[in-house]
Amino acid sequence: MQLEIRPDPAEVGRARRWARSRLAGSGITADEPLAETLILLVSELVTNAVVHTGRPAVLRLCLPGPAAEECASATVRVEVADRSSRAPVPRCADDDATGGRGLALVDCLADRWGWSPEDAGKSIWCELDRCSQPRQSAAVAYGGGLSAYEDLAFEAV
């Protein structure tokens, strides 16, 4: 399933509402920690696409069906394709910076993430395994601990 995103910051809220509306049919309840993590990841990836490219994008969700019983088949994938061919670039975000931590947050919360060229642009994706152990705290991405990237944050452009 997918949602077309206009290059407007108001689209981020629409993307979150759309993603929430899709969770019930997949068997992920709104009060499940996975649901909130998923919505945060949608928010971060869509924000990056809207703010840093200024171009339309496409949000794609791949959710397990309600009958998914095996952990291996219960992977959730969030993908945002935009029309900028520029790769995500590491940035340093100091403690007082008001931005620049989006993909560091994705790195902390997702089980896997990456990007690849797609048509005339790129696709940035992340996956959550429904049955995996909880990941690191989001505080790591906001300066509350050390991440694998230390002082680097990422800008998706």
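Numbering of residues begins at 1 and proceeds along the displayed sequence.
For the atom pair D82 CG and N48 CG, the distance stands at 9.0 Å (nearest 0.5 Å). Summarising the geometry, atom CG belonging to L128 is positioned 6.5 Å from atom OG1 belonging to T37; distances are rounded to the nearest 0.5 Å. For the atom pair I39 CD1 and R16 CZ, the distance stands at 8.5 Å (nearest 0.5 Å). Separating the CG atom in L3 from the CG atom in L61 is a distance of 8.5 Å, to the nearest 0.5 Å. Between R112 atom CZ and R77 atom CZ the span is 9.0 Å, to the nearest 0.5 Å. In this structure, the separation between CG on L40 and CG on L105 is 5.0 Å, given to the nearest 0.5 Å.
Closest heavy-atom contact between L41 and C126: CD1-SG, 3.9 Å. For the pair T53 and S84, the tightest heavy-atom approach, listed with the atom from each and the gap, is CG2-CB, 3.6 Å. For G27 against E32, the heavy-atom pair with the smallest separation is O-OE1, 4.0 Å. The two residues P9 and V50 come nearest to each other via the heavy atoms N-CG1, 3.6 Å.
Taking R6 as the reference, E11 meet the side-chain hydrogen bond (donor to acceptor under 3.5 Å, both in side chains) condition, with sequence neighbours excluded. For the side-chain contact (heavy atoms from CB on, under 4.5 Å) test, residues two or more places apart in sequence or in another chain that qualify with V80 are L45, V46, A49, A57, L59. Residues meeting the side-chain hydrogen bond (donor to acceptor under 3.5 Å, both in side chains) test with E36, sequence neighbours left out: none. In this view, R83 and R55, P56 satisfy the side-chain contact (heavy atoms from CB on, under 4.5 Å) rule, not counting sequence neighbours. Looking at residues two or more places apart in sequence or on another chain, you find a side-chain hydrogen bond (donor to acceptor under 3.5 Å, both in side chains) between D31 and T29. Under the side-chain hydrogen bond (donor to acceptor under 3.5 Å, both in side chains) criterion, T47 pairs with no residue at all, not counting sequence neighbours.
Listed for the K122 side chain is a donor-acceptor partner under 3.5 Å among the backbone atoms of R86.
Judged purely by distance below 3.5 Å, without hydrogens or angles, the side chains of E79 and S123 pair a donor atom with an acceptor atom.
At a threshold of 4.5 Å between side-chain heavy atoms, the hydrophobic network of Ile, Leu, Val, Met, Phe, Trp and Tyr places M1 and V58 in two separate groups. Residues W125 and W18 do not share a hydrophobic cluster, clusters being chains of Ile/Leu/Val/Met/Phe/Trp/Tyr side chains in contact below 4.5 Å.
Residues I124 and V106 form no side-chain contact, since every pair of their non-hydrogen atoms from C-beta on lies 4.5 Å or further apart.
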